[in-house]
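For reference, the structure discussed in these notes is given below.
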Amino acid sequence: MTTPEKINIGIIGNGGREHAFAWKISQSVLLNKLFILPGNGGTELLGTNIPVDALDFESIALICLDNDIRLLVVGPEAPLVEGIVDFFASKPELAQISVVGPNKAGAMLEGSKDFSKQFMLRNGIPTARAQTFDAMNAADVDGWLNELSAPYVVKADGLAAGKGVVICETKEGAVDEIHAMIYDGKFATAGAKVVVEEFLEGIEVSVFALSDGRSYVLLPEAKDYKRIGEGETGPNTGGMGAVSPVSFFDKAFETKVIQNIIEPTFQNLKKEGIVYQGFMFFGLINVSGDPYVIEYNARMGDPETEAVLPRIESDLVPLFLSLKNQTLHQFDLKVSSQTATTIVGVAEGYPGIYRKGDEIQLLQTENSGLLFHAGTARNSNGNLLTNGGRVMAFTGMGSNIGEALQQAKSKSESVLWQGKYQRGDIGEDLINLHV
Ligand code: AMP
Ligand code: GLY
């Protein structure tokens, strides 16, 4: 057998998700050198961080050419929605580089809530009933709200840094929110169009697939903990923790998810002429045993990735490289039966105005959990500082949630910064859940 060629690989992004990708890819037999654009205080331990804006495609292309990067994994949604894949495909000198992520048309499933809602409705994919409003038909909002009952879900159409979904308890509140988005520029152009939908009651689960446009592999599912306070209280965050696997995601539920959601999504993308090559994140809700789509994302979740990747035993790089030639069907994913839990440590004040620049102390203790940096950076003296709201993600593994949590918590205890906060109840709802 010939030894496979080792290649240089790049990752775009600077969060815990990207550190987890860097950690996973750094174990690949196919890796030569790893570059993270721009990366964080953790990724620099695994490869070379190169500062660049994720939307500066010209500079990213130059970095790829200068460093002979053959595979580029796109972490966050913004460059995908802005068309980084189409940009690379349009330049002959970049054609040899495989980019993991959908093209602009595919990323519209995340970039426009109206586009994704219409896609689901015309293809019979279960989702909340909804109507879309803009300045032309805002007068009809009242009639639509009368058909729904409280609470009402109001969604800015475009990307709004995870803040564009507002749950309104009253009809008046919903009308105010819709007007603020359409007329007062809340969320700027992202809010010029608004999707107003019924509220679905249930437990959410994040399901992930990697697709080459022809076939797909399913990744482990995860549960995300979105709110800042214990017991899911207080303002929304980027995600305070994750658990994988999810107990109610049993065979029967998985079968429904595959038949009612995943298959029709990929089949209809194909039918509509969209070759989707990258990760798809199905944000689902379990309503009395039936899955509905809350949202699609064109990328992996954060912090779900920090719990999902540690459970994947297969080398992901061969799968990534198969996307371009649509040979993903040749691969199976080996997944550990262990449970992974991730606890996110955040800066004081997050998700509001938060402290930055606090020194981070890493204690030398005996623990076997995983540490993924998110908002960290090193200063010119080499000291590690907080540099974002979500500072670090601590992942533990075990034969059940309790064991995994113990490891995640002990990892967390080895890292200190002033004002550090984390939720103490990640995973507890699943321990207590009997369905
Ligand atoms: P985001 O991740 O910012 O899009 O936030 C969306 C969150 O809002 C979801 O994770 C749900 O918790 C909630 N959400 C969105 N749509 C609905 C819906 N139709 N019914 C109930 N909750 C929803
Ligand atoms: N954790 C949710 C997301 O990445 O959107």
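Residue indices begin at 1 and follow the sequence shown.
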Is the backbone of [Y] close enough, under 3.5 Å, to the side chain of [X] for a donor and an acceptor to pair up by distance?
{"X": "Thr255", "Y": "Lys251", "result": "yes"}
{"X": "Ser336", "Y": "Gln338", "result": "yes"}
{"X": "Asn103", "Y": "Asp86", "result": "no"}
{"X": "Asp53", "Y": "Leu55", "result": "yes"}
{"X": "Asn137", "Y": "Asp134", "result": "yes"}
{"X": "Trp23", "Y": "Phe372", "result": "no"}
{"X": "Glu230", "Y": "Arg423", "result": "no"}
{"X": "Asp250", "Y": "Phe253", "result": "yes"}
{"X": "Asn400", "Y": "Gly402", "result": "yes"}
{"X": "Glu221", "Y": "Val246", "result": "yes"}

State, to 0.1 Å, how close [X] and [Y] come at their nearest heavy-atom pair, and which atoms those are.
{"X": "Ser98", "Y": "Leu321", "result": "OG-CD2, 4.4 Å"}
{"X": "Ile11", "Y": "Leu72", "result": "N-CD1, 4.3 Å"}
{"X": "Leu430", "Y": "Ser247", "result": "CD2-OG, 3.9 Å"}
{"X": "Phe187", "Y": "Ala160", "result": "CD2-CB, 3.8 Å"}
{"X": "Phe266", "Y": "Ser211", "result": "CE2-CB, 3.5 Å"}
{"X": "Glu306", "Y": "Gly301", "result": "OE1-O, 4.3 Å"}

Under-4.0 Å salt bridge between [X] and [Y]:
{"X": "Arg70", "Y": "Asp68", "answer": "yes"}
{"X": "Lys113", "Y": "Glu295", "answer": "yes"}
{"X": "Glu304", "Y": "Lys223", "answer": "no"}
{"X": "Glu197", "Y": "Lys117", "answer": "yes"}

Steps toward side-chain contact (heavy atoms from CB on, under 4.5 Å) verdict (Leu219, Ile312): CA-CA 8 Å; Leu219 276 62; Ile312 297 181; 4.0 Å; yes

Please report whether the ring centroid of Phe279 lies less than 6.0 Å from that of Phe21.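 Yes, the ring centres sit under 6.0 Å apart.
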
Measure up the Phe115 and Phe119 rings against each other and bin them: parallel (under 30°), tilted (30 to 60°), perpendicular (over 60°).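 Judged by the thresholds at 30° and 60°, the geometry between Phe115 and Phe119 is parallel.
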
Please verify the inter-ring angle class for Phe87 with Phe57; under 30° counts as parallel, over 60° as perpendicular, anything in between as tilted.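 Answer is tilted, since the angle falls between 30° and 60°.
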
Give, for atom [atom1] of [X] and atom [atom2] of [Y], the distance between the pair rounded to the nearest 0.5 Å.
{"X": "Ile60", "Y": "Leu65", "atom1": "CD1", "atom2": "CG", "result": "12.0 Å"}
{"X": "Ser206", "Y": "Phe281", "atom1": "OG", "atom2": "CZ", "result": "3.5 Å"}
{"X": "His19", "Y": "Thr376", "atom1": "NE2", "atom2": "OG1", "result": "8.5 Å"}
{"X": "Thr132", "Y": "Lys193", "atom1": "OG1", "atom2": "NZ", "result": "7.0 Å"}
{"X": "Phe394", "Y": "Ile343", "atom1": "CZ", "atom2": "CD1", "result": "8.5 Å"}
{"X": "Asn40", "Y": "Met392", "atom1": "CG", "atom2": "CE", "result": "8.5 Å"}

Let me see the working for Ser244 and Arg311 under side-chain hydrogen bond (donor to acceptor under 3.5 Å, both in side chains), right down to the final yes or no. CA-CA 8 Å; Ser244 177; Arg311 293 190 57 220; 2.8 Å; yes

Go through the side-chain N and O atoms of Thr265 and Tyr276 and say whether any donor and acceptor fall under 3.5 Å apart.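 The criterion, which ignores hydrogens and geometry beyond distance, is not satisfied for Tyr276 and Thr265.
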
Residue pair Asp425 / Tyr225, side-chain donor-acceptor N/O under 3.5 Å: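 No - no donor-acceptor pair under 3.5 Å links their side chains.
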
Walk me through whether Ser116 and Glu110 qualify under side-chain hydrogen bond (donor to acceptor under 3.5 Å, both in side chains). CA-CA 7 Å; Ser116 65; Glu110 174 162 9; over 6 Å; no

List in chain and number order the residues that pass side-chain contact (heavy atoms from CB on, under 4.5 Å) with Thr237, two or more places apart in sequence or in another chain; answer none if no residue qualifies.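 Partners of Thr237 by the side-chain contact (heavy atoms from CB on, under 4.5 Å) criterion, ordered by chain and then number, come out as Ile228, Met240, Tyr350, Pro351.
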
side-chain hydrogen bond (donor to acceptor under 3.5 Å, both in side chains) between Gln267 and Asn123, worked out: CA-CA 10 Å; Gln267 273 166 19; Asn123 293 309; over 6 Å; no

With a sphere of 6.0 Å drawn around CD of Gln118, does it hold more than 12 non-hydrogen atoms of other residues, nucleotides or ligands?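 Yes, because the 6.0 Å sphere around CD of Gln118 holds more than 12 heavy atoms from other groups.
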
With ring pair (Phe, Tyr, Trp, His ring centres under 6.0 Å) as the test, would you mind laying out the steps for Phe282 and Tyr292 before giving the verdict? CA-CA 9 Å; Phe282 300 85; Tyr292 287 73; over 10 Å; no

Take Glu272 and Arg122 through the test salt bridge (charged side-chain N to carboxylate O under 4.0 Å, His left out) and record every step on the way to the result. CA-CA 11 Å; Glu272 297 191 9; Arg122 73 176 166 267; 2.7 Å; yes

Thr342 and its side chain to side chain donor-acceptor pair (under 3.5 Å) partner, picked from Asp302, Thr305, Asp224, Thr395: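 Filter result, single survivor: Thr395.
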
Determine, stepwise, if the pair Leu30 / Ile25 fulfils side-chain contact (heavy atoms from CB on, under 4.5 Å). CA-CA 9 Å; Leu30 294 179; Ile25 290 172; over 6 Å; no

Test Glu263 against Tyr216 for side-chain hydrogen bond (donor to acceptor under 3.5 Å, both in side chains), laying out the working first. CA-CA 9 Å; Glu263 292 281 348; Tyr216 67 90; 3.0 Å; yes

So, applying side-chain contact (heavy atoms from CB on, under 4.5 Å) with Leu34, which one of Asn8, Ile9, Thr43, Ile69 is it?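 So the option named by the test is Ile9.
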
What pairs of donor and acceptor atoms, side-chain ones from residues 163-173 against any protein atom, are under 3.5 angstrom apart with sequence neighbours left out?
unit_1	atom_1	unit_2	atom_2	d
Thr170	OG1	Gly173	N	2.9
Lys171	NZ	Asp142	OD1	3.3
Lys171	NZ	Asn146	OD1	2.8

